[in-house]
S.K.: 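One structure, pasted below without further comment.
If you read the sequence from its start, that first residue is 1, and numbering goes on from there.
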Amino acid sequence: MHLKTLTLAAATAAFTLHAHAQQLPQPSPLAKIEQQVGLTQVTIEYSRPSAKGRTIFGELVPYGEIWRTGANASTKVTVDGPVTIDGQPVKPGTYALLTVPGKDAWRIMLNSDSKVNNGRDHKAENDVVATKAVPGRTEHVETFTIGLANVVNDGATVELSWANTKVGFRIEAPATEQALKNIETALAGDDVSAGTYHSAARFCMDRGVHKDKVLEWAKKSVAMDDTRFWTQHTLALAYAESGDKKNAIAAARKSSELARKADAANYVKMNEEKIAEWSK
């Protein structure tokens with residue numbers, strides 16, 4: 001091989017290696033959000049296009065056509081436990097999130113083929129969820145954003161926002177039954193602590209279950225460690241729910257005393273408000 005040919009080959013190889021090695025910013029960068037919902041981990045992976053002065057819905061993203069709900073590739077939703085989406089059951093797994101935007105209503109679908117990202121490849125029989133949502137108006141959102149809001153009561157609202165449009169759906173992962181099993185297992189263990197009893201009492205109080213056990217567990221928590229203002233506060237609430245206002249006030253005063261020493265002003269305020277309420 002001639003020297004000129006060798007030099008050209010070496011230059012080509014060097015250019016190829018450099019091209020493969022270089023990293024460039026993407027116009028629609030990848031994003032990943034994770035959220036614990038109940039006892040289930042929810043993960044959403046998607047690419048984020050920007051508006052750049054364009055009219056989005058009705059033009060760049062046509063009405064009435066399947067949209068991959070992002071850019072580049074399918075938007076993927078992964079759940080590691082059973083959930084419901086707008087009341088429709090979904091098994092653990094990874095799914096493609098597809099939408100059909102409309103001026104007055106959107107169709108939202110979760111498809112078992114996590115790679116499908118257009119109407120041509122979409123198969124309706126693979127939709128494990130098909131629901132509708134009414135879009136709302138929002139202040140301008142330059143870059144397409146998926147977020148999780150209102151993360152309460154074992155549920156969260158998945159919000160899709162871009163330009164001046166926001167639309168959402170509800171994902172829920174009921175966890176009370178499993179949590180009660182976890183409590184039972186924990187209390188039967190050899191390493192039961194004040195925190196174990198307190199967590200059990202607080203959870204059941206908040207969920208309105210095992211009401212006959214809440215006061216018992218709150219008492220055991222404080223008996224094992226009476227130096228924590230939050231456990232004293234839970235004990236006060238448990239006494240009050242049982243109708244024992246006298247002991248509820250005493251526990252709230254103890255909680256306030258400990259909270260002041262710890263500079264926990266919010267607990268001082270909560271206890272004082274409860275003392276005033278129970279003293280009437």
S.K.: In Å and rounded to the nearest 0.5 Å, what is the CD to CD1 distance from E273 to I275?
M.R.: 10.5 Å

S.K.: Roughly how far apart are I66 CD1 and H122 NE2, rounded to 0.5 Å?
M.R.: 4.5 Å

S.K.: Looking only at heavy atoms, which two atoms of Y267 and S255 are closest? And how far apart?
M.R.: CD2-OG, 4.5 Å

S.K.: I need the T185 OG1 to L180 CG distance, nearest 0.5 Å.
M.R.: 11.0 Å

S.K.: If you measure from the Lys or Arg side-chain nitrogens to the Asp or Glu carboxylate oxygens, is any gap between K213 and E216 under 4.0 Å?
M.R.: yes

S.K.: What's the separation between atom CD in Q178 and atom CG in D154, rounded to the nearest 0.5 Å?
M.R.: 11.5 Å

S.K.: So for atom CD, which belongs to E184, do other residues, nucleotides or ligands contribute more than 12 heavy atoms lying within a distance under 6.0 Å?
M.R.: no

S.K.: For T234 and T231: C-alpha separation, side-chain torsions, deciding distance, then whether side chain to side chain donor-acceptor pair (under 3.5 Å) applies.
M.R.: CA-CA 5 Å; T234 297; T231 60; over 6 Å; no

S.K.: Could you walk me through whether S28 and R48 pass side chain to side chain donor-acceptor pair (under 3.5 Å), step by step?
M.R.: CA-CA 5 Å; S28 300; R48 305 184 63 195; over 6 Å; no

S.K.: Establish whether F169 and V128 are linked, either directly or via other cluster members, by ILVMFWY side-chain heavy-atom contacts under 4.5 Å.
M.R.: yes

S.K.: For T43 and K32, run side chain to side chain contact (heavy atoms under 4.5 Å, CB included): C-alpha distance rounded to whole Å, both residues' side-chain angles, the deciding distance at 0.1 Å, then the answer.
M.R.: CA-CA 7 Å; T43 304; K32 180 178 181 179; 3.6 Å; yes

S.K.: Between the main-chain N or O of S193 and the side-chain N or O of T196, is there a donor-acceptor pair closer than 3.5 Å?
M.R.: yes

S.K.: Is L110 reachable from I33 through a run of I, L, V, M, F, W or Y residues, each pair having side-chain heavy atoms under 4.5 Å apart?
M.R.: yes

S.K.: With a 4.5 Å cut-off on side-chain heavy atoms, are N72 and Y46 touching?
M.R.: no

S.K.: Between K261 and E257, does at least one N-O distance fall below 4.0 Å, as a salt bridge requires?
M.R.: yes

S.K.: Between Y239 and W278, is a ring-ring contact (aromatic ring centres under 6.0 Å, His included) present by the stated rule, with each step listed?
M.R.: CA-CA 11 Å; Y239 271 127; W278 298 330; 9.6 Å; no

S.K.: Checking N164 side chain against T138 main chain: does a donor-acceptor pair fall under 3.5 Å?
M.R.: yes

S.K.: Under the side chain to side chain contact (heavy atoms under 4.5 Å, CB included) rule, what do R228 and L258 come out as? Steps first, then yes or no, please.
M.R.: CA-CA 7 Å; R228 310 295 182 183; L258 294 169; 6.0 Å; no

S.K.: Give a yes or no on whether V167 and Y95 share a hydrophobic cluster (residues Ile, Leu, Val, Met, Phe, Trp, Tyr; joining criterion: side-chain heavy atoms under 4.5 Å apart).
M.R.: yes

S.K.: Answer yes or no: is there an ion pair linking R68 with D121, defined by an N-O contact shorter than 4.0 Å?
M.R.: no

S.K.: Quick test of your reading of the model: are E272 and K269 salt-bridged, counting only N-O distances below 4.0 Å?
M.R.: no

S.K.: May I have the step-by-step check of side chain to side chain contact (heavy atoms under 4.5 Å, CB included) for L237 and R202, ending in yes or no?
M.R.: CA-CA 9 Å; L237 296 175; R202 189 73 213 200; 3.4 Å; yes

S.K.: Considering residues, nucleotides and ligands other than R107, do more than 12 of their heavy atoms fall under 6.0 Å from its CZ?
M.R.: no

S.K.: So if you build clusters from Ile, Leu, Val, Met, Phe, Trp, Tyr with side-chain heavy-atom gaps below 4.5 Å, do M109 and W162 land together?
M.R.: no

S.K.: Give a yes or no on whether the backbone of C204 and the side-chain of R207 come within a donor-acceptor separation of less than 3.5 Å.
M.R.: no

S.K.: So, does N271 use its side chain to make a donor-acceptor pair with the main chain of H233 at under 3.5 Å?
M.R.: no

S.K.: Check the orientation of H210 and W217. Use parallel for under 30°, tilted for 30 to 60°, and perpendicular for over 60°.
M.R.: perpendicular

S.K.: Determine yes or no for a side-chain-to-main-chain donor-acceptor pair under 3.5 angstrom, with E142 supplying the side chain and A51 the backbone.
M.R.: yes

S.K.: For A194, does its backbone N or O pair with a side-chain atom of S221 as donor and acceptor, under 3.5 Å?
M.R.: yes

S.K.: Compare every heavy atom of T84 with every heavy atom of P89, then report the nearest pair and how far apart it is.
M.R.: CA-CG2, 4.2 Å

S.K.: Quick check on the 6.0 Å ring-centre criterion: do W106 and F57 meet it?
M.R.: yes

S.K.: Any chain of hydrophobic side-chain contacts (each under 4.5 Å) joining V129 to L148?
M.R.: yes

S.K.: Any chance you could lay out the side chain to side chain contact (heavy atoms under 4.5 Å, CB included) test for I171 and V79, step after step, and finish with the verdict?
M.R.: CA-CA 10 Å; I171 181 168; V79 293; 4.1 Å; yes

S.K.: Rounded to the nearest 0.5 Å, how far apart are CG of N126 and CG of L98?
M.R.: 10.5 Å

S.K.: Within the 4.5 Å heavy-atom criterion, are N182 and L39 side-chain neighbours or not?
M.R.: yes

S.K.: Using a 3.5 Å distance criterion without hydrogens, assess whether the side chain of T145 forms a donor-acceptor pair with backbone atoms of T143.
M.R.: yes

S.K.: How long is the straight-line distance from NZ of K274 back to CD1 of I249, given to the nearest 0.5 Å?
M.R.: 12.0 Å

S.K.: Say whether, by atom type as modelled, one donor and one acceptor occur between the side chain of D86 and the main chain of R170 under 3.5 angstrom.
M.R.: yes

S.K.: Verify, without hydrogens or angle tests, whether T75 (side chain) and T69 (backbone) share a donor-acceptor contact under 3.5 angstrom.
M.R.: yes

S.K.: Just by modelled atom types, is the G155 backbone N or O under 3.5 Å from a matching donor or acceptor in the N153 side chain?
M.R.: no

